[in-house]
Amino acid sequence: MESSGTFRIYNSVVAGKAANQKKLALLIDPDKFGSAAFISHAEKAGVDYFFVGGSLISKGNFAKCVETVKHNTKLPVVIFPGHVDQVSPDADGILFLSLISGRNPENLIGKHVLAAPVLKKMKLEIIPTGYMLIDGGRVTAATYMSNTVPIPHDKSDIASCTALAGEMLGLKLIYMDAGSGAERHISLKMIKEVKKNISVPLIIGGGIRTPEDAYEICKAGADMIVIGTIAEESPELVGQIAKAVHYTYPITHTAT
Ligand code: 1GP
């Protein structure tokens, strides 16, 4: 995990992709954050990164949450911002998200202009990320709060061309998300088609609830998966999902 330089986090993701070593990120929503012990548990269970953020924070304290996560792990803590206020110098990096599945200019450039001078004063690793919301069977907080329409579940061609355009624009990661608590995760067909079309690392999240799902999604082409809801509901599953992502879970089919 450790590598020197400004792009330590991104380089670790790229190195994982090159070595076919899949990664697991655990999303911490400040509104639902339970305890510091949960962070230590997740690290021991095999999580590779912590993401912190939420589409709407109404009860939690973002800065305090980042500080607590950082204090309780040696793993990279990466901001996954749901709002321009979600920045903290205590994190290691931030996914600088362009919501390229949508047509809301605020999420394509407006909020970035507001965030840029604030981020310039911090030492966070900035990771330009093409963020794509995919329909996961219900309207999620991310879709509602961003005032955008997600890419339809079965429109792999739209997803594929959107991801390619994101890469051509210079975005360093593509993150496809069915949204937190999605009824169904992104289809394996869509993941495979997108993967064929891009060369930057691919992150998949939203609605991943079992080790089997995690395994199949990685096999289809995800370089990293993100889980949130299932870890809050069943923390004991985090270890099994980590093993599935790292191809050490006892699933009989052969990893490719
Ligand atoms: C949402 O991808 C994350 O941005 C996590 O989704 O809560 O459904 O695991 P879940």
Side-chain angles (χ1 to χ4, degrees), residues 13 22-34 38 42 45-57 60 62 65 69 77-83 86 91 93-102 107 127 129-146 148 150-151 153 159 163 173-188 190-191 194 201-218 220-242 244-245:
V13 179
K22 312 293 184 171
K23 305 287 187 185
L24 175 64
L26 176 59
L27 174 62
I28 305 293
D29 180 336
D31 262 1
K32 298 175 189 159
F33 181 56
F38 177 66
V47 161
D48 298 298
Y49 305 90
F50 287 102
F51 286 1
V52 183
S55 299
L56 173 68
I57 299 176
F62 178 79
C65 182
V69 175
V77 178
V78 180
I79 298 171
F80 172 44
H83 188 271
Q86 292 177 27
I94 182 168
L95 299 181
F96 201 53
L97 303 174
S98 286
L99 182 47
I100 57 175
S101 59
N107 296 319
I127 309 172
T129 301
Y131 186 51
M132 296 166 52
L133 289 170
I134 313 294
D135 179 43
R138 58 187 282 262
V139 178
T140 61
T143 303
Y144 182 82
M145 294 303 290
S146 65
T148 65
I151 293 175
H153 183 78
L173 293 174
I174 295 294
Y175 181 170
M176 295 205 301
D177 194 353
S180 193
E183 282 176 1
R184 57 185 173 185
H185 62 69
I186 296 169
S187 75
L188 301 181
M190 183 179 281
I191 295 167
V194 169
L202 177 61
I203 304 177
I204 301 291
I208 301 169
R209 303 185 64 85
T210 67
E212 288 78 10
D213 285 349
Y215 178 88
E216 294 297 341
I217 288 168
C218 288
D223 298 299
M224 183 191 303
I225 69 162
V226 185
I227 57 167
T229 305
I230 194 63
E232 290 153 13
E233 291 174 2
S234 309
E236 71 282 359
L237 270 183
V238 174
Q240 292 179 48
I241 292 176
V245 167

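In listed order, ligands and their atoms are each counted from 1. For clarity, every value in this text was computed on a predicted model and none was experimentally measured.
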Go through ligand 1 atom by atom and flag the ones less than 4.0 Å from a non-hydrogen atom of [X].
{"X": "G207", "value": "8 (O), 10 (P)"}
{"X": "G206", "value": "2 (O), 3 (C), 5 (C), 6 (O), 8 (O)"}
{"X": "T229", "value": "7 (O), 8 (O), 9 (O), 10 (P)"}
{"X": "G181", "value": "7 (O), 8 (O), 10 (P)"}
{"X": "F80", "value": "4 (O)"}

Closest non-hydrogen atom pair, V139 against Y144: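 Heavy-atom minimum between the residues: CG1-CB, 4.1 Å.
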Indicate the atoms forming the closest heavy-atom contact of I191 with G221, along with that distance.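 Answer, listing the atom of I191 first, then G221: CG2-N, 4.0 Å.
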Could you walk me through whether F62 and I79 satisfy the side-chain contact (heavy atoms from CB on, under 4.5 Å) test, starting with their C-alpha distance in whole Å, then the side-chain angles of each, then the deciding distance to 0.1 Å, before giving a yes or no?
CA-CA 10 Å; F62 178 79; I79 298 171; 3.7 Å; yes
At under 4.0 Å between heavy atoms, what of D177 touches ligand 1? The answer is side chain
So for F51 against ligand 1, with non-hydrogen atoms under 4.0 Å, the contacting part is neither
Q: May I ask whether I227 has any heavy atom positioned less than 4.0 angstrom from an atom of ligand 1?
A: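 I227: in contact with ligand 1 (<4.0 Å).
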Next item on the list: Kindly indicate whether the side chain of V78, heavy atoms from C-beta on, has any atom under 4.5 Å from the side chain of V52.
Entry: no
Name the orientation class of the two ring planes belonging to F51 and F80 (parallel below 30°, tilted from 30 to 60°, perpendicular beyond 60°).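 F51 and F80: tilted rings.
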Does the side-chain contact (heavy atoms from CB on, under 4.5 Å) test come out yes or no for E232 and D29, once each step is laid out? CA-CA 10 Å; E232 290 153 13; D29 180 336; 4.2 Å; yes
(message) Strictly distance-based, threshold 3.5 Å: is any side-chain N or O of D223 a donor or acceptor partner for the main-chain N or O of P201?
(response) no
Give yes or no for whether the N/O distance cutoff of 3.5 Å, strictly under, is met between [X] and ligand 1.
{"X": "G228", "value": "yes"}
{"X": "L27", "value": "no"}
{"X": "I230", "value": "no"}

